[in-house]
Amino acid sequence: MPYIGIRNQIDYIITKLENIKSFQNCRSYCLADIGSDHNLVLANVKFSPTKTKRMKSLPKTYDVGRFNDSNIVEAFKARIGGAFEPLLQLPDTDVDELRKKFRDTTNNISEEIVGFKRSRQVKGLPEEVCKACEQRRKARILMMNNPSDCNKKSYTKLNKAVKYEVKKWKKKILDTEVEEMELAHAKNNSHELFKKVKKLSGERDKMQPAVKNKDGILKTAPADVLKCWEVHFSVHLNTQFPRDENALLTIPDPQPTDNPSEPFTIEEVETAIKLLKNNKACGWDKIAAETLKAGGQPMRQLLLKIINAAWSEGVTPEDWSKGLITPVFKKGDKLDPSNYRAITLLSIPGKFFCRMVLMRIQGTIENHLTEEQCRFRSCRGTTDAVFVLRQIIEKARERRIPIHLNFVDFKAAFDTIWREAL
């Protein structure tokens, strides 16, 4: 404890002994207003830190939210129509080349019309609060030069006033965010609602800068970390289990359809585009569902041209088969890759093509599904299955009939599907 009238110096720069010569001209600035009983410590540091490569992040996405403006949509349609006109006249012999021109042209026009998405910056303190902070700074300097009771009381009073104003300003911002959340809930906009909830809760999903390899050794270098993820997912997504090949023989042959190999029509494209969901993460080609919807008739015609070329040749464009694998943490040790779930962000035009193929084969698939199969079927959601299960339990309890429930949770079920059988 210091003696009366004596203050202890409690502000230091902590470093290793071998780096102590790198710090020069260390000083404590007692007049700096930092809102604390500590003093600001500055020093000249001379050393060359080791340069480390930053890990690659997801590609920038376009600000597709601007397509809510009708003027932006009209400008986008006009630019797309002029740029796609020559592409519609090209022969559809090379699907990959036609798809590449479609991707590059769409991205260039999207960058020109809507630009990239930017994070919203919170506005600074109001002008009256800034003035109060300046007055508090001057009062603090006066108190440090002449620590009389009058100067101390003046500084304490201004300090309390500044903290009160800042607290009131933060509350005002919070009330605005809550009002926007209530408005999103009233409009049934769950995307915007949970986005603001996540923002207010302070949760940030960041990829771990370090990870353990299969031998349990910690890796921190970006190249080694990416290699560990590559090894883990290459094994995880290509795991083979014993399968009964004879089970395929029990599946009856599908009934012939009316249009097994006929080209797709523009009506099918219109229907599939309406079924695309907004606010979904795009693939590595950066083309979002909102972009396809805002492109108008020229974009639909070029999409139809590419899809019919791929359908007739029986070859899917290579880029539509690529995806960005994003690890999502489940539970356990965050440094263990096996505790993460792989989410693959596929190309939106590729999903669009799959949707059109699904519309063609939906009738045939329905004939092979059991009555108990729910989810991913029209009028057969999981809500219906839960309702049926609850009714069975209630009737069994009323009649005092014993009932047994068996819940099975398959580990990594979607990642180990027998896709050849599908």
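Source: prediction; values computed, not measured. Note: hydrogens, waters and symmetry copies are ignored here, and every other heavy atom, side chains too, is used.
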Engineer: Does the side chain of F387 reach to within under 4.5 Å of the side chain of L389, using non-hydrogen atoms?
Structural biologist: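 F387 vs L389: side chains apart.
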
Engineer: Starting from the C-alpha separation in whole Å, work towards a yes-or-no answer on side chain to side chain contact (heavy atoms under 4.5 Å, CB included) for R397 and E394.
Structural biologist: CA-CA 5 Å; R397 292 183 63 183; E394 289 181 357; 5.9 Å; no

Engineer: Report yes if the side chains of P327 and F233 come closer than 4.5 Å at any heavy-atom pair, otherwise no.
Structural biologist: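 Contact flag for P327/F233 side chains = yes.
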
Engineer: Give a yes or no on this: more than 12 heavy atoms of other residues, nucleotides or ligands lie within 6.0 Å of atom OH of Y164.
Structural biologist: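 12 or below, so no.
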
Engineer: Counting only heavy atoms not in K293 (residues, nucleotides, ligands), do more than 12 fall under 6.0 Å from its NZ?
Structural biologist: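 For K293, atom NZ is crowded (more than 12 foreign heavy atoms under 6.0 Å).
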
Engineer: Working note: E134 + K131, criterion salt bridge (Lys or Arg N to Asp or Glu O under 4.0 Å); need CA distance, chi angles, decisive distance, verdict.
Structural biologist: CA-CA 5 Å; E134 181 65 20; K131 291 181 179 179; over 6 Å; no

Engineer: Taking I287's backbone N and O only, do any of them form a donor-acceptor pair with T291's side chain (distance below 3.5 Å, no angle check)?
Structural biologist: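 Such a contact is absent between T291 side chain and I287 backbone.
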
Engineer: Would you call the rings of F353 and W320 parallel, tilted or perpendicular if under 30° counts as parallel and over 60° as perpendicular?
Structural biologist: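 The arrangement is tilted - the two ring planes meet at 30° to 60°.
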
Engineer: Could you tell me whether E318 atom CD has more than 12 heavy atoms of other residues or ligands within 6.0 Å of it?
Structural biologist: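 Result for CD/E318: open.
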
Engineer: Applying salt bridge (Lys or Arg N to Asp or Glu O under 4.0 Å) to D104 and K100, what does each step give before you reach the verdict?
Structural biologist: CA-CA 6 Å; D104 295 340; K100 182 179 179 181; 5.2 Å; no

Engineer: Is there a side-chain contact between P126 and W169, using heavy atoms and a 4.5 Å cut-off?
Structural biologist: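 P126 vs W169: side chains touch.
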
Engineer: Looking only at heavy atoms, which two atoms of T61 and C282 are closest? And how far apart?
Structural biologist: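 Here T61 and C282 meet closest at CG2-SG, 3.9 Å.
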
Engineer: Between M299 and F102, does a side chain to side chain contact (heavy atoms under 4.5 Å, CB included) hold up when you go through it step by step?
Structural biologist: CA-CA 9 Å; M299 179 169 286; F102 168 81; 4.0 Å; yes

Engineer: Quick check: does any side chain N or O of N19 sit under 3.5 Å from a backbone N or O of S22, one acting as donor and the other as acceptor?
Structural biologist: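 No.
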
Engineer: In Å and rounded to the nearest 0.5 Å, what is the CG to CG distance from L302 to L98?
Structural biologist: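 Reported to 0.5 Å precision, the distance equals 5.5 Å.
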
Engineer: Does a sphere of radius 6.0 Å around CZ in F194 hold more than 12 heavy atoms from other residues, nucleotides or ligands, not counting ones at 6.0 Å or beyond?
Structural biologist: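 At most 12 heavy atoms, drawn from other residues, nucleotides or ligands, come within 6.0 Å of this atom.
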
Engineer: How are the rings of H232 and W229 set relative to one another: parallel (under 30°), tilted (30 to 60°) or perpendicular (over 60°)?
Structural biologist: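 H232 and W229: perpendicular rings.
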
Engineer: Around atom CG of N188, are there more than 12 heavy atoms from other residues, nucleotides or ligands closer than 6.0 Å?
Structural biologist: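 Counting other residues, nucleotides and ligands, CG of N188 stays at 12 neighbours or fewer.
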
Engineer: So which atom in L276 and which in A289 form the shortest heavy-atom distance, rounded to 0.1 Å?
Structural biologist: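 Looks like CB-CB, 4.1 Å.
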
Engineer: Measuring only between side-chain heavy atoms, which start at C-beta, is Q301 closer than 4.5 Å to Q297?
Structural biologist: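 Yes, side chains in contact.
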
Engineer: To the nearest 0.5 Å, what is the distance between CD1 (I348) and NZ (K351)?
Structural biologist: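 Here the rounded value is 4.5 Å.
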
Engineer: Can you confirm whether R300 is buried at CZ, in the sense that more than 12 heavy atoms of other residues, nucleotides or ligands lie under 6.0 Å from that atom?
Structural biologist: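 Yes, enclosed.
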
Engineer: Of all heavy-atom pairs between G296 and K77, which one has the smallest distance, and what is that distance?
Structural biologist: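 For G296 and K77, the tightest heavy-atom pair comes out as CA-CE, 4.1 Å.
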
Engineer: Strictly distance-based, threshold 3.5 Å: is any side-chain N or O of E268 a donor or acceptor partner for the main-chain N or O of T265?
Structural biologist: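 Indeed, once roles are kept as given, a pair shorter than 3.5 Å links the two residues.
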
Engineer: With a sphere of 6.0 Å drawn around CD1 of I20, does it hold more than 12 non-hydrogen atoms of other residues, nucleotides or ligands?
Structural biologist: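 No - once you tally the heavy atoms of other residues, nucleotides and ligands closer than 6.0 Å, there are 12 at most.
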
Engineer: Dump the intermediate steps for side chain to side chain contact (heavy atoms under 4.5 Å, CB included) on D336 and N339, then the final yes or no.
Structural biologist: CA-CA 6 Å; D336 188 359; N339 293 327; 3.5 Å; yes

Engineer: Evaluate the side chain to side chain contact (heavy atoms under 4.5 Å, CB included) criterion for residues Q373 and R380: first the C-alpha distance (whole Å), next the side-chain angles of each, then the deciding distance (0.1 Å), finally the verdict.
Structural biologist: CA-CA 8 Å; Q373 174 68 42; R380 289 175 181 263; over 6 Å; no

Engineer: Mind checking whether S110 and T106 have side chains closer than 4.5 Å, heavy atoms only?
Structural biologist: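 Result yes, sub-4.5 Å side-chain heavy-atom pair found.
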
Engineer: Answer yes or no: does atom CG of D215 have more than 12 heavy-atom neighbours from other residues, nucleotides or ligands under 6.0 Å?
Structural biologist: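 Correct, the count exceeds 12.
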
Engineer: Going by atom types alone, do K195 and N279 pair a side-chain donor with an acceptor below 3.5 Å?
Structural biologist: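 Looking only at side-chain atoms, N279 and K195 do not form any donor-acceptor pair under 3.5 Å.
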
Engineer: Can a donor-acceptor pair be found, under 3.5 Å and without considering hydrogens, that links the side chain of Y62 to the backbone of V114?
Structural biologist: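 A pair under 3.5 Å: no.
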
Engineer: Does R66 qualify as a cation-pi partner of F76, given the criterion of NZ or CZ under 6.0 Å from the six-membered ring centre and within 45 degrees of its axis?
Structural biologist: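 Verdict for F76: no cation-pi partner in R66.
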
Engineer: Under 4.5 Å between any side-chain heavy atoms of L40 and L42, yes or no?
Structural biologist: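 Heavy-atom side-chain distance check passes, below 4.5 Å.
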
Engineer: Using 30° and 60° as the class limits, which term best fits the ring planes of F264 and W311: parallel, tilted or perpendicular?
Structural biologist: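 Because their plane-to-plane angle is over 60°, the rings of F264 and W311 count as perpendicular.
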
Engineer: Can you see which heavy atom on A43 is nearest to which on C26, and at what distance?
Structural biologist: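 Looking at all heavy atoms of both residues, the shortest contact is CB-SG, 3.5 Å.
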
Engineer: Can you find a heavy atom in the side chain of E85 that is under 4.5 Å from one in the side chain of Q89?
Structural biologist: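 The answer is yes, as the side chains (C-beta and beyond) meet within the 4.5 Å cut-off.
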
Engineer: Cation-pi check, K334 to F329: give yes when NZ or CZ is under 6.0 Å from the six-membered ring centre and within 45° of the ring axis, no otherwise.
Structural biologist: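 Yes, cation above the ring, under 6.0 Å and within 45°.
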
Engineer: Hey, could you give me the CD1/CE distance between I273 and M356, rounded to the nearest 0.5 Å?
Structural biologist: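 If I round to the nearest 0.5 Å, the distance is 8.5 Å.
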
Engineer: Check whether any side-chain heavy atom of N213 lies under 4.5 Å from a side-chain heavy atom of V231, and answer yes or no.
Structural biologist: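 Contact flag for N213/V231 side chains = no.
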
Engineer: In Å and rounded to the nearest 0.5 Å, what is the OH to NZ distance from Y340 to K331?
Structural biologist: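 Atom-to-atom, Y340:OH and K331:NZ are 14.5 Å apart.
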
Engineer: Which distance, rounded to the nearest 0.5 Å, do you find between the CD of E179 and the CG of L174?
Structural biologist: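 It comes to 10.0 Å.
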
Engineer: Do you know which two heavy atoms are closest between I80 and P298, and how far apart they sit?
Structural biologist: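 Smallest interatomic distance, heavy atoms only, reads CG2-CB, 4.3 Å.
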
Engineer: Rounded to the nearest 0.5 Å, how far does CD of E74 lie from CG of D69?
Structural biologist: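 If I round to the nearest 0.5 Å, the distance is 10.0 Å.
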
Engineer: With R103, which of N108, D285, D319 fulfils side-chain hydrogen bond (donor to acceptor under 3.5 Å, both in side chains)?
Structural biologist: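 With R103 as partner, side-chain hydrogen bond (donor to acceptor under 3.5 Å, both in side chains) holds for just one option, D319.
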
Engineer: List the atom of L304, the atom of I266, and the distance in Å for their closest heavy-atom pair.
Structural biologist: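 Minimum heavy-atom separation between L304 and I266: CD2-N, 3.8 Å.
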
